[in-house]
Every structure is written in C-alpha cells, then in structure tokens.
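Input: a single structure, listed below in structure tokens.
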Protein chains: 2
Amino acid sequence: MAKPPASNQNGFPPARHDHARCVARALEQAEGICAKRSAQFTGLRRQVLGIIWNSHSPIGAYEILAALSSRERRPAPPTVYRALEFLQAHGLVHRIESKNAYIGCAHLETAQHAGQFLMCRACGQTAEACDKDLSRAIQKLAEKSGFSLEEQTVELSGLCPACKSKNRHAA
Amino acid sequence: MAKPPASNQNGFPPARHDHARCVARALEQAEGICAKRSAQFTGLRRQVLGIIWNSHSPIGAYEILAALSSRERRPAPPTVYRALEFLQAHGLVHRIESKNAYIGCAHLETAQHAGQFLMCRACGQTAEACDKDLSRAIQKLAEKSGFSLEEQTVELSGLCPACKSKNRHAA
DNA sequence: CACCGTAATGTTATACTATAACATTAGATC
DNA sequence: GATCTAATGTTATAGTATAACATTACGGTG
C-alpha cells in the first residue's frame with residue numbers, strides 16, 4: 001500500500017515535501033483508474049497530467065501547451081483541450097472556473113466528486129477540500145429551494161496558512 | 001416603501017411575474033446606493049444595468065454589447081467591460097465565473113456580500129441565495145484549514161423547480 | 001498477418017472573452 | 001469660462017476555447 005500523499009491536515013502541502021512522490025502517486029492512481037474503465041491512458045494524456053501535477057497551483061491550458069512544446073514538436077490548442085477533456089471526464093483533474101485553469105484531483109480515492117477549493121492569492125497553492133458539512137449545507141440549500149443539484153463550483157480565495165503568517169511578520 | 005421583489009420563497013422568480021417591477025426596483029436601488037457614495041450612476045451604466053436586469057439569467061459581455069448597439073452607435077468592448085467593472089465594484093452585479101456572464105444582484109439591501117447561485121441548466125434562470133448555514137460552513141472550513149478567506153465563488157448548477165417538474169411530466 | 005473500424009491525435013482556421021494604451025468628451029470646482 | 005478629473009470612445013491585441021476536417025495509431029476479427 002502506498003503511503004498517503006504529503007500534506008498537512010489543512011490540505012496544503014508542506015513548504016518542502018517530496019513532490020516527486022505526489023506526481024508519481026497521481027500518475028499511478030490515474031493509470032489504475034483508466035485501466036479499470038478500459039479508458040486509454042495514452043502517452044499524451046499522461047504527459048499532460050504530469051505537467052498539471054508539476055505544481056500544486058492551477059495551470060492554464062496555454063501554459064500546458066507551452067510545457068508540451070519543444071523544437072521538434074509544437075502541438076496546437078485542441079491537443080491540450082482534448083487531453084483536458086478526457087482527464088476531467090475521468091475525474092483526474094478539476095477546472096478552476098475563476099482562473100480558467102486546471103489542477104490535479106487530490107482525492108482520486110473518492111469517486112466522482114465536486115471539489116471545494118482553497119486558493120491562495122499570494123502563492124497560488126490550492127488545496128482541495130472535501131468537507132462533509134459544506135457539502136451538506138449545499139445539499140440542504142438545494143433541497144430548500146426545490147432545486148435539483150447536478151454540479152457545483154466552490155472556489156475560495158484568500159491566504160494560505162504559510163502566506164498568512166509571512167504577511168503577519170512583514171509590516 | 002417599495003414592495004418586495006417578485007419571487008418565490010425558493011429564490012426563483014415565478015414563471016409569470018411583473019418583471020418591469022424587478023427592473024425598476026433594481027435601478028432605483030442602484031441609484032440610491034450610488035448617490036449615497038457619490039459614485040456616478042451615468043446613463044451608460046444605468047443602461048448596462050438595465051440590460052442585465054432584462055432577464056433573470058446571466059448575460060455575457062458581448063451580448064450586452066449587442067444590446068447596446070444600434071445603427072448610430074456601436075460601442076467597443078471596453079465600454080461594456082468598464083461599466084461592468086463599476087457595477088461589480090459597487091455590488092450591483094455579480095459575475096458568474098462558470099459562465100463568463102453577469103447577473104444583477106438580488107440582495108442589494110445586504111451590503112457587500114458573496115453570492116451563492118443556483119443556476120438552471122435548462123432555462124438559465126438563476127437565483128441568488130444568501131444562505132447562513134452555507135456561509136457558516138464555508139467560514140468553518142476556512143478556519144479549520146488555517147485559511148484567511150477573502151473571496152468566494154459558489155455556483156450550483158442543476159434544474160430549477162419549474163424545469164424539474166416539466167421534465168418529470170415529459171419522458 | 002492483413003483488414004477494418006474506431007479512437008486518438010494533428011492541423012488549420014476561427015470564435016469568444018478580456019484588456020492595454022491612448023484620444024476625446026463631459027462634468028465638477030473654482 | 002479655465003482647469004482638472006472622471007468617463008467614454010477608439011484601435012489594437014492578448015488570452016481562452018472550439019469547429020471541422022485530415023491523418024495516424026490501435027484493437028479486434030477473419
């Protein structure tokens with residue numbers, strides 16, 4: 001059994017952690033998930049997922065495109081968007097609507113779920129929460145409104161613990 | 001004292017309601033709010049707000065631009081985006097991130113607040129909620145994570161009560 | 001193994017969303 | 001009415017996303 005991913009209880013990764021493990025773990029899990037569904041986890045898709053997992057901050061489609069490019073190879077936008085579509089469909093990445101950007105799913109063990117994101121405006125690091133109480137409150141609001149809930153976007157912006165304390169120490 | 005805006009308890013406007021009253025009320029309140037802050041509620045800004053309030057569905061910037069255009073007058077995008085910027089800054093409209101679109105604020109009496117939106121995927125109608133329990137759950141999640149919350153995006157998509165019952169009768 | 005059909009990727013063009021930078025006009029203040 | 005600032009106009013361009021069609025790679029079948 002693989003060790004759990006490096007992260008504090010608060011969902012934000014420690015400032016210094018073995019990030020290679022985060023990436024390797026995500027790719028492994030993705031591979032397993034795709035195999036189970038006989039979905040093709042192709043080289044391109046793996047590469048894009050790797051690029052996305054390169055950091056814990058959401059990354060834009062055109063940044064991915066740039067990372068994918070080299071002297072010999074210069075893919076066009078649809079290449080990236082199609083890979084993203086696949087990865088999103090299988091719950092391997094989430095789209096951050098308020099940033100037009102994409103981030104790797106941090107809860108691959110939880111089948112199809114709507115993410116709740118805590119995004120630091122200073123360092124960009126983004127934690128994915130899966131808060132029961134929050135989910136329940138959303139579900140209740142929907143019920144109360146006679147609304148049949150299908151999808152949800154919950155994106156919270158502010159300062160992560162690390163940047164908050166940095167700020168405090170500064171002026 | 002003006003009558004409250006037409007709406008069911010669930011936040012969605014009744015299928016048939018005196019929509020002219022919604023618009024008039026929004027414009028009046030906006031006028032008051034701007035006056036209080038000595039912000040200029042110019043003709044253009046009033047016109048854009050009126051276009052946005054023309055329906056209870058979010059509207060895109062370029063749709064607003066089209067509505068603003070005529071044979072004699074054909075404004076450029078910045079005209080609309082600047083008006084939107086002003087209206088957002090004063091809490092008169094909200095941006096719906098997941099749709100790149102804008103909707104009139106339905107809670108002008110509540111000073112600067114983050115909206116919670118219930119968006120019908122069938123008819124587009126969007127209700128703005130201000131759910132205490134949901135807000136509390138979000139705040140709690142932030143605290144638990146040591147996160148200093150500044151802004152939030154909560155956008156729920158699904159079927160509104162009316163479309164839900166229509167769907168049930170069909171099929 | 002050769003064939004076929006489908007899924008994936010490549011390629012070109014274009015649509016949609018948003019802003020930078022500078023010019024002009026309109027309003028407030030004195 | 002001169003002057004200063006806020007608002008709007010104008011031109012150009014950046015950034016995000018998809019449509020449509022061509023080609024390639026892959027899995028199954030005879």
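All values below were derived from every heavy atom in this structure, side-chain atoms included, with hydrogens, water molecules and symmetry-related copies excluded.
- Checked by atom type, the side-chain pair A:Gln125/A:Ser57 shows no donor-acceptor distance below 3.5 Å.
- For B:Ala76, the side-chain atoms get nearest to D:dT10 when compared with the rest of D:dA7, D:dT10, D:dA17.
- Residue side chain B:Tyr62 fails the stacking definition with respect to C:dC16, as its ring centre and the base's six-membered ring centre are not both under 5.5 angstrom apart and under 30 degrees in plane angle.
- Across the protein-nucleic acid pair, B:Arg73 atom CZ and C:dT25 atom P stand 16 Å apart, rounded to whole Å.
- Whole-Å rounding puts the B:Glu63 CD to C:dT17 C1' distance at 12 Å.
- A:Leu84 places its CG atom 12 Å from the P atom of C:dT9, with the value rounded to the nearest Å.
- Following rounding to the nearest Å, B:Arg46 (CZ) and D:dT8 (C1') show an atom-to-atom distance of 18 Å.
- At a threshold of 4.5 Å between non-hydrogen side-chain atoms, the residues A:Phe147 and A:Leu149 count as touching.
- Among the nucleotides D:dT8, C:dT19, C:dT11, the one closest to the side chain of B:Arg82 is D:dT8.
- In this structure, the separation between CD on A:Gln116 and CD on A:Glu155 is 11.5 Å, given to the nearest 0.5 Å.
- Between B:Gly104 and B:Trp53, the shortest heavy-atom contact is CA-NE1, 3.6 Å.
- With rounding to whole Å, A:Glu97 atom CD is found 9 Å from D:dA17 atom P.
- Toward the 5′ end of DNA chain D lies the nearest nucleotide of B:Pro75, the other residue of the pair A:Lys99 and B:Pro75 mapping further downstream.
- Rounded to an integer number of Å, the gap from A:Phe86 CZ to C:dA8 P is 7 Å.
- Taking only side-chain nitrogens and oxygens, B:Gln40 comes nearer than 4.0 Å to OP1 or OP2 of D:dA7.
- A donor-acceptor contact shorter than 3.5 Å links the side chain of B:Thr126 to the backbone of B:Gly124.
- Put simply, CZ on A:Arg74 is 17 Å from C1' on C:dT9, counting in whole angstrom units.
- Checking D:dT8, C:dA8, D:dA17 against the side-chain heavy atoms of B:Arg45 singles out D:dT8 as nearest.
- Comparing C:dA8, D:dT11, D:dA17 by their nearest atom to the side chain of B:Pro78 picks out D:dT11.
- A:Phe41 comes within 4.0 angstrom of nothing in the nucleic acid, heavy atoms only.
- In terms of phosphate contacts, B:Tyr81 brings no side-chain nitrogen or oxygen within less than 4.0 Å of OP1 or OP2 of C:dT19.
- Atom CG in B:Asn100 sits roughly 10 Å away from atom C1' in D:dA17 (whole-Å rounding).
- For D:dA25, neither phosphate oxygen OP1 nor OP2 lies less than 4.0 angstrom from any side-chain nitrogen or oxygen of A:Thr42.
- When the nucleotides C:dT11, C:dT17, D:dG9 are ranked by their closest atom to the side chain of B:Thr79, D:dG9 comes out on top.
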